[in-house]
Structures are given as C-alpha cells and as structure tokens.
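To keep things clear, I will list the structure first and then write my remarks on it.
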Amino acid sequence: MNESSRDNYDLDELLGAYALDAVSPEEAKRVEDYLAINPKAAAEVREHREVATMLAFTGMDAPEGVWSLIEQELNAPAPAPGPELAKVMALSGAPRKRRISTVAPWLVSAAAAAIVGIAAVGLADRALAPIDPLAAAYDAADGDRDSGRATLVADGSTAQATAVIDQDGHGFIRAGALPSLPDGQTYQLWGVVDTGAAEPDVISLGIFGPNPELETFTTDTAVVALAITIEKAPGVISNGNPEGIYIGEVN
C-alpha cells in the first residue's frame with residue numbers, strides 16, 4: 001500500500017468518528033479536506049449523521065401491526081434444539097433504568113479502553129491497520145458482562161443482526177449481513193420497553209439506510225427486545241411495516 005492509499009485508508013476509518021464529533025481538530029481538518037474531493041466519503045458521513053439525527057425520534061407510538069408480531073415472537077415456546085435459528089423467548093422481570101450521556105465522550109472512552117487492552121496484550125501489533133473507533137467501542141461494550149445482547153432474526157431469512165447495549169444505554173448493532181435494500185427503502189430500528197402495562201411501548205431508535213454495517217444508537221430507558229423493520233426512506237414515526245421484521249430479545 002503506497003502512502004496515498006494508506007492515508008486514504010486512515011481517513012476512511014475516521015469517517016464514523018468524525019460524524020459523531022469524536023475526532024481532534026487536526027483530524028477534523030484532514031477529514032474535511034478529504035470530503036471535499038471524495039463524494040463517496042461525504043455521502044457516508046451524511047448517512048452517519050442521518051442516523052444520529054433520527055436517534056432523537058424516541059417516545060413515539062408503536063408502528064401499527066409491529067407490536068402484535070413482536071408479542072407473538074416473545075411469547076412463542078422455545079424451539080427444539082436443531083440447526084434453525086432460535087426464536088426469542090417470553091420475557092420476565094422488570095428492566096433496569098439506564099442513563100444516557102453525550103455521544104462523543106462515551107465513544108472515545110470505550111474506544112480508548114479497547115485500545116489500552118489491545119496494547120497490553122501485544123505491543124508488537126503496532127504495525128497493524130489503525131483501529132476503527134466504532135469497532136473498538138463495540139468490542140469494549142461486548143466485553144462487559146453487564147451489557148445486554150440480542151440476536152435479531154426474521155422468519156424465512158438466514159440473515160441476522162447482533163446488538164449490544166452497555167449499562168449506560170449506548171448501543172451498537174452489527175447489521176452488515178442483512179440484505180441490501182433497493183433505492184427508496186431503509187432499515188429502521190425499534191426498541192420494546194416493558195412499562196408493566198398490557199401492551200409495552202415501542203420506540204424508534206434509529207434509521208440505518210439500505211446498507212447497514214456497524215451502526216450505533218442510544219436509549220435512555222432499558223429495552224427488553226429490539227426489532228428492525230423495512231420502511232420507505234427516510235423512515236417513519238408510526239405505522240411501520242411489519243413484513244420481514246427482524247426481532248431479538250435483549251438478555
């Protein structure tokens with residue numbers, strides 16, 4: 001890899017952190033110069049920021065038809081052992097309340113923790129490719145035994161997404177295995193909140209676009225399940241699409 005290619009690789013790895021204002025002023029200047037000449041990178045940053053903007057859409061009404069499907073999945077009996085993906089199980093117990101903080105500090109702190117751990121086990125690995133801050137933050141959350149985890153699956157699909165939510169409500173979801181959607185459609189993430197009422201609340205947690213990879217979200221209240229729906233871009237506030245829904249219990 002020549003110096004120009006390596007520099008571009010380094011800048012590509014900074015795009016997610018730049019969109020979340022989690023880079024230094026010097027790195028921000030380099031990324032901004034890069035975005036001015038690279039339309040693909042600029043589009044990626046816009047997608048990251050669109051997700052961050054849509055995180056504000058919390059506390060909405062449940063999409064019509066979505067909760068009934070989630071309820072069916074959560075109340076389904078456990079499947080017999082076998083090669084098929086397991087269905088989510090019925091839930092019990094009240095969720096813990098989680099607090100929320102700003103995006104940049106937790107992302108940088110989690111990434112730093114992961115980097116320290118990597119340095120401790122092998123200083124000889126310094127020559128490896130730069131660490132992706134989002135991937136490092138995901139690994140840090142996944143390595144915490146107090147984090148919640150979910151595997152989201154859909155009937156008739158072998159694809160799945162895996163999510164982890166740390167104890168402060170910072171969430172990550174690996175969704176790169178989900179099929180790419182056609183133009184005009186987007187994946188949307190929902191959280192199921194057990195309020196103790198007969199029908200739990202369902203809140204929007206983010207818009208992931210048609211080709212999600214490692215995505216982030218936040219929630220200021222504990223969720224007992226996650227669901228991903230396929231919507232018309234740029235996403236919906238209510239009346240979501242229950243067809244092809246991916247669902248997983250948080251445990």
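Numbers for residues simply follow the sequence, beginning at 1. Every heavy atom of this structure was used, including side-chain atoms; hydrogens, water molecules and symmetry mates were not.
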As an exercise, state the distance from [atom1] of [X] to [atom2] of [Y], rounded to the nearest 0.5 Å.
{"X": "Leu205", "Y": "Phe217", "atom1": "CG", "atom2": "CZ", "answer": "6.0 Å"}
{"X": "Asp194", "Y": "Glu199", "atom1": "CG", "atom2": "CD", "answer": "12.0 Å"}
{"X": "Lys232", "Y": "Leu181", "atom1": "NZ", "atom2": "CG", "answer": "14.0 Å"}
{"X": "Asp142", "Y": "Asp166", "atom1": "CG", "atom2": "CG", "answer": "11.0 Å"}
{"X": "Thr162", "Y": "Ile173", "atom1": "OG1", "atom2": "CD1", "answer": "7.0 Å"}
{"X": "Leu178", "Y": "Tyr187", "atom1": "CG", "atom2": "OH", "answer": "4.5 Å"}

Is there a donor-acceptor pair under 3.5 Å between the side chain of [X] and the backbone N or O of [Y]?
{"X": "Glu44", "Y": "Ala42", "result": "no"}
{"X": "Asn241", "Y": "Ile230", "result": "yes"}
{"X": "Thr186", "Y": "Gly209", "result": "yes"}
{"X": "Ser157", "Y": "Ala159", "result": "yes"}

Salt bridge (Lys or Arg N to Asp or Glu O under 4.0 Å) filter on Asp33, not counting sequence neighbours, yields Lys29
For residues [X] and [Y], determine if any side-chain heavy atom of one lies less than 4.5 Å from a side-chain heavy atom of the other.
{"X": "Leu134", "Y": "Leu20", "answer": "yes"}
{"X": "Val224", "Y": "Val193", "answer": "no"}
{"X": "Leu11", "Y": "Arg30", "answer": "yes"}
{"X": "Phe172", "Y": "Leu214", "answer": "yes"}

Q) Going by atom types only, do Gln167 and Ser147 share a side-chain donor-acceptor pair under 3.5 Å? A) no
Requested in this report: State, without any angle test, whether Thr216 and Tyr138 hold a side-chain donor-acceptor pair at a distance under 3.5 Å.
Outcome: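 No donor-acceptor contact under 3.5 Å links the two side chains.
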Under the side chain to side chain donor-acceptor pair (under 3.5 Å) test, which residues partner [X], sequence neighbours left out?
{"X": "Asn251", "answer": "none"}
{"X": "Asn211", "answer": "Ser180"}
{"X": "Glu32", "answer": "Tyr18"}
{"X": "Glu27", "answer": "Ser24"}

Non-hydrogen atoms of [X] and [Y] that approach each other most closely:
{"X": "Ile245", "Y": "Ala154", "answer": "O-CB, 3.2 Å"}
{"X": "Val223", "Y": "Thr219", "answer": "CG1-OG1, 4.0 Å"}
{"X": "Gln188", "Y": "Ser204", "answer": "NE2-OG, 3.0 Å"}
{"X": "Phe208", "Y": "Pro212", "answer": "CB-CB, 3.8 Å"}
{"X": "Pro210", "Y": "Gln185", "answer": "CB-O, 3.6 Å"}
{"X": "Thr218", "Y": "His170", "answer": "CG2-CD2, 4.2 Å"}

The test is side-chain contact (heavy atoms from CB on, under 4.5 Å); show your working for Ile228 and Trp190 and say whether it passes.
CA-CA 6 Å; Ile228 295 177; Trp190 305 87; over 6 Å; no
- [ ] Please collect all salt bridge (Lys or Arg N to Asp or Glu O under 4.0 Å) contacts where either partner lies in residues 171-188, sequence neighbours excluded, each pair once.
- [x]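 For residues 171-188: none.
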| Flag if over 12 foreign heavy atoms under 6.0 Å of CD, Glu213 |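 No.
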Notebook entry, point to check: Given Leu226 and Leu189, is the side-chain contact (heavy atoms from CB on, under 4.5 Å) satisfied, shown in steps?
Noted result: CA-CA 7 Å; Leu226 295 172; Leu189 179 67; 4.3 Å; yes
- Verdict with reasoning, Leu35 to Leu15, per side-chain contact (heavy atoms from CB on, under 4.5 Å): CA-CA 9 Å; Leu35 297 181; Leu15 295 181; 3.9 Å; yes
